[in-house]
Amino acid sequence: MLSNKRIQELELVMEFEKVEECFKEVSSWIENVGRKRLKETINLDDSLEMLLQAQKQFKEFDLVASEYCKRGQEALKKMNQWEDFSFVDVHSYRVKLQTYEDQLEEFCTQLDEMRHRVCETVRLYEFFDKVRQGICCTEEGVKS
């Protein structure tokens with residue numbers, strides 16, 4: 001029984017090392033690219049035209065960022081089997097896993113919030129643009 005337990009521990013450690021490589025890649029992308037791009041998107045421009053351009057660029061970024069989030073979440077699912085084991089020896093791996101999970105969750109949440117913010121800002125600018133056009137048309141009609 002003890003031998004089986006040790007074999008299971010070793011298998012989990014080997015699995016963790018595979019998953020950790022994926023997390024290191026995802027984590028590196030989040031820190032070196034993802035967070036910087038999100039910060040750049042915070043300042044949305046003043047004109048509808050510039051905002052639509054920013055939205056287009058954000059959508060391209062969002063596609064890539066969502067793929068990294070998905071990869072990280074899939075790797076986390078692979079490690080759910082660790083929940084079934086109560087080995088003391090895997091505690092340090094669980095701590096690392098929790099750190100990766102927290103980082104991924106925080107970034108994915110920020111990405112979702114920014115996606116919503118960009119979409120709502122575009123809708124608001126489009127609404128104001130229609131209102132402005134309506135006012136201009138009304139003023140022209142009154143002048144005629």
Side-chain angles (χ1 to χ4, degrees), residues 1-140:
M1 244 171 107
L2 190 57
S3 175
N4 285 344
K5 183 177 175 181
R6 278 312 267 172
I7 289 172
Q8 287 177 332
E9 275 184 23
L10 290 173
E11 288 172 349
L12 284 173
V13 169
M14 288 171 31
E15 180 68 24
F16 180 81
E17 288 175 357
K18 290 178 192 173
V19 170
E20 188 174 34
E21 283 303 312
C22 175
F23 272 121
K24 283 181 179 178
E25 183 182 338
V26 169
S27 178
S28 175
W29 185 88
I30 287 172
E31 292 304 318
N32 298 321
V33 179
R35 291 194 194 283
K36 290 177 184 175
R37 289 291 303 272
L38 280 178
K39 285 179 184 175
E40 290 171 5
T41 309
I42 287 175
N43 298 322
L44 298 173
D45 291 308
D46 291 337
S47 72
L48 180 58
E49 183 180 318
M50 295 296 285
L51 185 59
L52 290 172
Q53 180 64 27
Q55 181 186 37
K56 180 182 175 191
Q57 291 171 351
F58 179 78
K59 283 182 178 183
E60 292 168 4
F61 163 72
D62 187 29
L63 230 58
V64 174
S66 294
E67 186 59 35
Y68 275 97
C69 288
K70 182 179 173 185
R71 286 175 56 199
Q73 290 164 346
E74 287 172 358
L76 281 173
K77 285 180 187 175
K78 290 180 183 177
M79 298 315 297
N80 281 342
Q81 63 181 331
W82 285 49
E83 306 271 328
D84 300 335
F85 297 96
S86 57
F87 304 135
V88 176
D89 296 12
V90 295
H91 177 72
S92 64
Y93 296 103
R94 287 185 189 186
V95 170
K96 283 183 182 180
L97 191 62
Q98 186 62 50
T99 301
Y100 289 131
E101 185 175 12
D102 291 346
Q103 179 194 35
L104 180 66
E105 184 178 319
E106 178 188 356
F107 178 76
C108 292
T109 299
Q110 289 173 346
L111 182 64
D112 287 343
E113 289 170 355
M114 186 57 71
R115 185 183 304 119
H116 178 73
R117 181 173 173 224
V118 168
C119 181
E120 288 301 309
T121 304
V122 167
R123 286 182 42 199
L124 185 62
Y125 271 70
E126 288 173 337
F127 171 75
F128 284 132
D129 195 51
K130 286 179 184 176
V131 168
R132 186 182 53 79
Q133 288 174 3
I135 290 172
C136 289
C137 291
T138 303
E139 287 176 355
E140 288 176 14

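With rounding to the nearest 0.5 angstrom, the CD atom of Glu17 is 9.0 Å from the NZ atom of Lys24. Separating the CG atom in Asp62 from the CZ atom in Arg115 is a distance of 4.0 Å, to the nearest 0.5 Å. Taking CD from Glu126 and CG from Leu51, the interatomic distance works out to 8.5 Å, rounded to the nearest 0.5 Å. With rounding to the nearest 0.5 Å, the separation of CG in Leu124 from CG in Asp129 is 11.0 Å. Rounding to the nearest 0.5 Å gives a distance of 6.5 Å between CG of Leu38 and CZ of Phe58.
The minimum heavy-atom distance linking Thr121 with Arg117 is given by the pair OG1-O, 2.7 Å. The minimum heavy-atom distance linking Gly34 with Phe107 is given by the pair C-CE1, 3.5 Å. For Cys119 against Gln55, the heavy-atom pair with the smallest separation is CA-NE2, 4.4 Å. Heavy atoms only, all atoms of each residue included: Glu101 and Leu76 are closest at CG-CD1, 3.7 Å. Of all the heavy atoms in Leu111 and Cys69, the pair that sits closest is CD2-SG, 4.3 Å.
Counting heavy atoms from C-beta outward, Cys22 and Glu74 have side chains that stay 4.5 Å or more apart. Ile30 has its side chain out of reach of Tyr68: every pair of non-hydrogen atoms, C-beta onward, lies at least 4.5 Å apart. Annotation: side chain of Glu120 is in contact with side chain of Arg123 (closest heavy-atom distance under 4.5 Å). At least one side-chain heavy atom of Val118 sits less than 4.5 Å from a side-chain heavy atom of Met114.
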Between Arg37 and Gln57, does a side-chain hydrogen bond (donor to acceptor under 3.5 Å, both in side chains) hold up when you go through it step by step?
CA-CA 10 Å; Arg37 289 291 303 272; Gln57 291 171 351; 5.7 Å; no
Candidate pair Arg35 and Glu31, rule salt bridge (Lys or Arg N to Asp or Glu O under 4.0 Å), full reasoning
CA-CA 6 Å; Arg35 291 194 194 283; Glu31 292 304 318; 2.9 Å; yes
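Under a cut-off of 6.0 angstrom, the local environment of CD in Glu49 is sparse, with at most 12 non-hydrogen atoms contributed by other residues, nucleotides or ligands.
Between Phe61 and Trp29, the ring-plane angle classifies as parallel under the 30° and 60° cut-offs. In this structure, Phe23 and Tyr100 have parallel ring planes: the angle between them is below the 30° cut-off, well short of the 60° mark.
Comment: Arg71 does not engage Glu67 in a salt bridge, judged by the lack of any side-chain N to carboxylate O separation of less than 4.0 angstrom.
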